[in-house]
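To start, the structure itself, in structure tokens.
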Amino acid sequence: LACCLDDEVWTGTPTELLAEMCSLIEPEALKQRDWPKNPESLGKKIDHLQGLLLTQKVWVGRTTRGSQRQYEVYRMPGCLWQRDSEEEEE
């Protein structure tokens, strides 16, 4: 997901984040045992991988809006995952 962001923050519910991630990967990856099957397991994976994501310059935070949990995903400057168009410009 971070590779698809420009300099903006993606914000959405855990369900929306999982759906967005599923739309960006190969269908075979969805069948992998370690791929999150629901928003709760996604949250656990994110918690576990938070340090690794930060080393890759991807920030993922949790917020609450009213009674609804939300995630914010941001690609920090220097992120290793660049969009194809950005790679071509360099």
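In what follows, residues are counted from 1 in the order of the sequence shown.
Atom OG of S41 sits about 13.5 Å away from atom NE2 of H48, to the nearest 0.5 Å. Rounding to the nearest 0.5 Å gives a distance of 6.5 Å between CD of E20 and CH2 of W10. Atom CG of residue L52 and atom CG of residue L54 lie 9.0 Å apart, to the nearest 0.5 angstrom. In this structure, I46 CD1 and M21 CE are separated by 6.0 Å, a value rounded to the nearest 0.5 Å. The CD atom of Q70 sits 7.0 Å away from the CD atom of E16 when rounded to the nearest 0.5 Å.
Between K45 and D34, some side-chain heavy-atom pair lies under the 4.5 Å cut-off. L42 places a side-chain heavy atom less than 4.5 Å from the side chain of L17. E72 is listed as a side-chain neighbour of T63, based on a closest heavy-atom distance under 4.5 Å. Within the 4.5 Å cutoff, no side-chain heavy atoms of W35 are placed close to those of R33.
Crowding of R69 atom CZ: a count of heavy atoms from other residues, nucleotides or ligands under 6.0 Å not exceeding 12. No more than 12 heavy atoms of other residues, nucleotides or ligands shown are found within 6.0 angstrom of NZ on K31.
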Trace of the side-chain contact (heavy atoms from CB on, under 4.5 Å) decision for Y71 with V60: CA-CA 7 Å; Y71 280 103; V60 180; 3.8 Å; yes
Verdict with reasoning, L49 to Q56, per side-chain contact (heavy atoms from CB on, under 4.5 Å): CA-CA 11 Å; L49 296 172; Q56 301 300 309; over 6 Å; no
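When all heavy atoms are compared, the tightest approach of I25 to A29 is CD1-CB, 3.5 Å.
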